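Keep in mind that this is a model prediction, so the values were computed, not measured. So you know, we letter chains A, B, ... as the sequences are listed, proteins then strands, and number each from 1.
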There are 2 protein chains.
Amino acid sequence: MNLKELSEHLGLSQTTVSRALNDYPEVSESTRQRVKQAAAKGNYRPNMRAMSLATGKAMTIGHVIPVESSSDVVNPIFAEFVAGASRTYSQRGYELMLTIAEAKNEESIYRGIVAKRAVDGVMLHSPKRDDPRLALLDEIGLPFVVHGRVCDSNQQYNWIDMDNQAAFQQATQLLLDLGHHRIALINGQETLSFAWLRRLGYLEALHASNITEDPELMTSADLTETYGYQTTQKMLSRKSPPTAILVSSYIAALGVRRAIGQAGYRIGKDISVITHDDELSYFDNGGAVPQFTSTRSSVREAGIRAAEMLLQQIDKPSLAAQTQMVETKLTLGSSTGPCPG
Amino acid sequence: MNLKELSEHLGLSQTTVSRALNDYPEVSESTRQRVKQAAAKGNYRPNMRAMSLATGKAMTIGHVIPVESSSDVVNPIFAEFVAGASRTYSQRGYELMLTIAEAKNEESIYRGIVAKRAVDGVMLHSPKRDDPRLALLDEIGLPFVVHGRVCDSNQQYNWIDMDNQAAFQQATQLLLDLGHHRIALINGQETLSFAWLRRLGYLEALHASNITEDPELMTSADLTETYGYQTTQKMLSRKSPPTAILVSSYIAALGVRRAIGQAGYRIGKDISVITHDDELSYFDNGGAVPQFTSTRSSVREAGIRAAEMLLQQIDKPSLAAQTQMVETKLTLGSSTGPCPG
DNA sequence: AAAATTATTCAAAACGCTTCGGATATTTCA
DNA sequence: TGAAATATCCGAAGCGTTTTGAATAATTTT
């Protein structure tokens, strides 16, 4: 069923039917009703491609998520973020186009989808400290929102982020207050902004207490369970092991927990752990006393808000760049305690 | 840059330029080269919407992934599966349209995207034992491939799956051979096919050894870490706890491991654990001796193959329904051992 | 009651591509 | 050498919408 058929069936012109469906004022209320009913009855939906062609709007948002070809790791927070964003898009009649691509191909992918007129805007994932995609998208003139921030840039752009630095500064401070001095940081790839900022927060707290960081207690890699396990194992086997560990993801923290248990230590007693918790639906760190003390911030909520921000920018391109900080809570669980000895 | 501009710039008709780019034979090799070079230089890409409208092909595949509104859990295997499929689509010039939707809205979503002409086919995720979507898609006439199978159906349809039943039968048999009798099954939602089939495999092995199942050792829910933890904790606190546990996902297995450790048992000694391992990139169960004995099967590989299957069906709608069984390996790790006592 | 508004409808152009049916120039064949 | 075949190109129609510019009908104003 297309517009032509529908209008012939109604004995109206395509113009009128189209206008009735799109709530234009210049059509009488009675015919509008009649048209809408007939459309609903015939399950008519405008052909998206034809509509896009006519209006110039793709009604689609692109999410291109980078994967390092070496590791092939797909960050689980993407799924959670996308779950949030998808809801917003659906409500507003937009579709979500997903591309999972090797990081090195990203530029050509962006240029491609924009030349194809496939999207009205894109969401930028996993920003790096100095991310070339910012300039690229600005050059192309495609609206975008960054999930996170780019540290080294003086461009104006839309972003939504948590306060990584403050969160990790606070978490480190908590551990310091508990008497810990040897605090390890098991961090994500520090070429990425979020990890870099967390590192800064961590260092900020240490330095404020006149503690010099120990490079051997600071690591940076893809936040897998195995990574958390292996680095913790290594750190614990050194002559002066850490008494507390700060971990950048829940999944890595599970590996940390494994290593601690296996080494015969008790978590929260012998060794304290604080993790960041993105509130992934598969890992609810809940209960009366959560197992992990954590800095937590809902990635799904970020997805919802980021999508709204992007749609606003698309609706009103004249709008100034927006920024939004998402709330982060430091929640006490059973994985922290005073420094023993 | 559009076709008109490009052809004017070249002094050729739109027809010829279009044909040159699409490798039609009725254009001379020299002009084809000239056209292709100019197109590359001007970064010309056909407007996807216009092309779709003209050809009637959306060049897009839909993945709609259901979320139970109650739990809001997004299964992490989706991301992995999609990572595989996305690669195939890109290579073939297709895009991937993602919708995350409450399960109860799925029917209207399918009807919607098909009426909008948004996709050429869809991937069906998380099939249920008796899944109404099969009949729906058949009625609509949209090509689709199921990741998994529908147990109660005599329709012909395309699917790709692992042999859930055989895998869990084997895993159970291994535990039986190790002398275990009280074997627990921590399963996914058994309204879903995969979980149901695993249960059948588990029961098959038990019954073959003349063991009657104990309903208190069989649970079914969303496979979260917390679920694995809590049910294991409960089971271990009973008068006659299981000596072995079969878990349907790696993530739940992490919870199982936590509960076992916390109860003071040693995994692989006091209690054996076998988990299914989807080979999620964030949880590589590798090493010389993997931590978990597991039935493993690459979801990413399944995604690649499923996408290829779907594109084939779209290219040749006359093709008979295809089915494909993906390999599953039972790999020994350190989480299993002879039944103590 | 005629003129001026306003409300309602329509025909046709436009969006950017593919493709059908010719047209022209070149080659091949008898 | 003339006819037939082939190679190469082009104009225009069509895909299903939206939207411009006009036309007609109904209402209001003077």
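Here C:dG16 presents its P atom at 16 Å from NZ of A:Lys57, a figure rounded to the nearest Å. Between B:Glu8 atom CD and D:dC10 atom C1' there is a gap of 14 Å when expressed in whole angstrom units.
Aromatic ring orientation, A:Phe78 versus A:His125: perpendicular (interplanar angle above 60°, classes split at 30° and 60°).
Checking B:Glu106, B:Glu102, B:Lys128 one by one against B:Pro66, the side chain to side chain contact (heavy atoms under 4.5 Å, CB included) holds for a single residue, B:Glu106.
When ring centroids are compared, A:His147 and A:Phe194 stay outside the 6.0 Å threshold.
Counting heavy atoms of neighbouring residues, nucleotides and ligands inside a 6.0 Å radius, atom CZ of A:Arg117 does not exceed 12 of them. Counting heavy atoms of neighbouring residues, nucleotides and ligands inside a 6.0 Å radius, atom NZ of A:Lys57 exceeds 12 of them.
A side-chain donor-acceptor contact under 3.5 Å links A:Asn75 to the backbone of A:Ile77.
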Contact pattern, 5' to 3', of nucleotides 16-24 of chain D - B, S or - by protein heavy atom under 4.0 Å: BBBBBB---
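Listed in residue order, the members of residues 27-37 of chain B having a heavy atom less than 4.0 Å from DNA chain C come to none.
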Donor-acceptor pairs are to be reported for all side-chain atoms of residues 37-49 of chain A against protein atoms at under 3.5 Å, with residues two or more places apart or in another chain.
residue: A:Asn47; atom: OD1; partner: A:Arg49; partner atom: N; Å: 2.8
residue: A:Asn47; atom: OD1; partner: A:Ala50; partner atom: N; Å: 3.1
residue: A:Arg49; atom: NH2; partner: B:Ala118; partner atom: O; Å: 2.5

Verify side chain to side chain contact (heavy atoms under 4.5 Å, CB included) between A:Glu29 and A:Gln33, making sure each step is shown before the conclusion. CA-CA 6 Å; A:Glu29 200 49 41; A:Gln33 292 308 329; 3.0 Å; yes
